[in-house]
Amino acid sequence: MLKIKNTKFLISAPDLNHCTKTNLPEFALLGRSNVGKSSFINRITDNYKLAKTSNTPGKTRLINLFDVNGEFCIADLPGYGYAKVSKTEQNAWQKNLEEYLLKRENLKSSILFIDARHDIQKNDLQMYEWLKIKNLPYFVIMTKCDYLSRNEIFNKISSLNIFFGCDVLPFSSKNDFYVKNVLIKLESLIK
Ligand SMILES: Nc1nc2c(ncn2[C@@H]2O[C@H](COP(=O)(O)OP(=O)(O)OP(=O)(O)O)[C@@H](O)[C@H]2O)c(=O)[nH]1
Ligand SMILES: [Mg+2]
């Protein structure tokens with residue numbers, strides 16, 4: 001089983017052209033601001049200083065690339081739906097994000113992050129529909145499961161699974177419980 005031994009921060013890049021070129025399979029973390037993308041990286045790598053997390057949405061403004069074990073890369077991307085970011089800035093970022101997702105050659109899969117507590121939001125839907133139209137691979141991670149009971153998690157996973165038509169993995173950054181399953185999934189994709 002995949003064991004994360006060392007994780008290296010590679011670069012904070014404003015767009016695709018500035019991203020470090022690697023041949024490693026890469027996973028792109030997509031989701032609303034504050035959903036827990038950066039916390040996810042820190043939890044699965046067991047390194048709490050790696051990716052910057054914050055109570056203030058909009059903390060991640062750049063494509064932050066991490067090399068894990070020299071086996072794969074994770075791209076921590078700015079979350080969408082952060083109201084305080086100007087429309088101009090949002091549009092510019094949207095363009096950069098689309099370019100990255102369409103042209104990053106080593107991109108293996110996107111991971112769409114959904115907050116366990118909320119219904120699917122309009123911008124989640126837009127992201128999902130765009131991935132479908134572009135025929136890009138993705139799966140879903142349902143974060144913040146620590147807020148839900150086991151039963152609620154089960155029901156929510158089932159409905160998201162039907163809705164998105166892909167694997168939906170439960171997750172919480174607050175404990176180790178869900179990490180193993182996520183690593184198994186990542187491993188199955190990089191083989
Ligand atoms: N209870 C709980 N809180 C979480 C979880 N994951 C993240 N958080 C909290 O949610 C807040 C936002 O987490 P981040 O990881 O910074 O979110 P992000 O998706 O990277 O946000 P952006 O960088 O703005 O896109 C922080 O206060 C985290 O501590 C979780 O699984 N459970
Ligand atoms: Mg972040």
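Values below: all heavy atoms of this structure, side chains included; hydrogens, waters and symmetry mates excluded. Atoms within each ligand, like the ligands themselves, are counted from 1 in listed order. All residue numbers in this chain count up from 1 along the given sequence.
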N/O donor-acceptor pair under 3.5 Å between Asp167 side chain and Phe139 backbone: no
Heteroatom N/O/S of Asn64 within less than 2.8 Å of the Mg ion (ligand 2): no
Has Tyr147 got any heavy atom lying under 4.0 angstrom from an atom of ligand 1? yes
Looking only at distance, does Asp146 have an N or O less than 3.5 Å from an N or O of ligand 1? yes
Ligand 1 contact on Phe40 by region, counting heavy-atom pairs under 4.0 Å: neither
Purely on distance, is any nitrogen or oxygen of Asn34 under 3.5 Å from one on ligand 1? yes
N-O pairing of Asp76 and Lys52 below 4.0 Å: no
Atoms of ligand 1, numbered as shown, that sit under 4.0 Å from any heavy atom of Ser39: 6 (N), 7 (C), 13 (O), 14 (P), 15 (O), 28 (C)
Nearest heavy atom to atom 20 (O) of ligand 1: which of Ser38, Pro78, Gly31 does it belong to? Ser38
Please list, in number order, the atoms of ligand 1 under 4.0 Å from a heavy atom of Ser33. 21 (O), 22 (P), 24 (O), 25 (O)
Can you tell me if Asn23 has over 12 outside heavy atoms packed within less than 6.0 Å of its CG? no
Are any of the side-chain nitrogens in Arg32 or Asp115 under 4.0 Å away from the carboxylate oxygens of its partner? no
Looking only at distances, please establish whether an N/O atom of ligand 1 is found under 3.5 Å from an N/O atom of Gly36. yes
Side chain or backbone, does Gly79 bring an N or O within less than 3.5 Å of an N or O on ligand 1? yes
Geometric cation-pi criterion, Lys8 with Phe66: 6.0 Å, 45°: no
Any sub-3.5 Å donor-acceptor pair from Asp124's side-chain atoms to Gln121's backbone N or O? yes
Compare all side-chain heavy atoms of Phe177 with those of Asp146 and state whether any distance is below 4.5 angstrom. no
Candidates Phe40, Phe72, Phe113 - the one meeting ring pair (Phe, Tyr, Trp, His ring centres under 6.0 Å) with Phe27: Phe72
Of the backbone atoms (N, CA, C, O) and the side-chain heavy atoms from C-beta on, which set of Val35 has a member under 4.0 Å from an atom of ligand 1: side chain, backbone, both, or neither? both
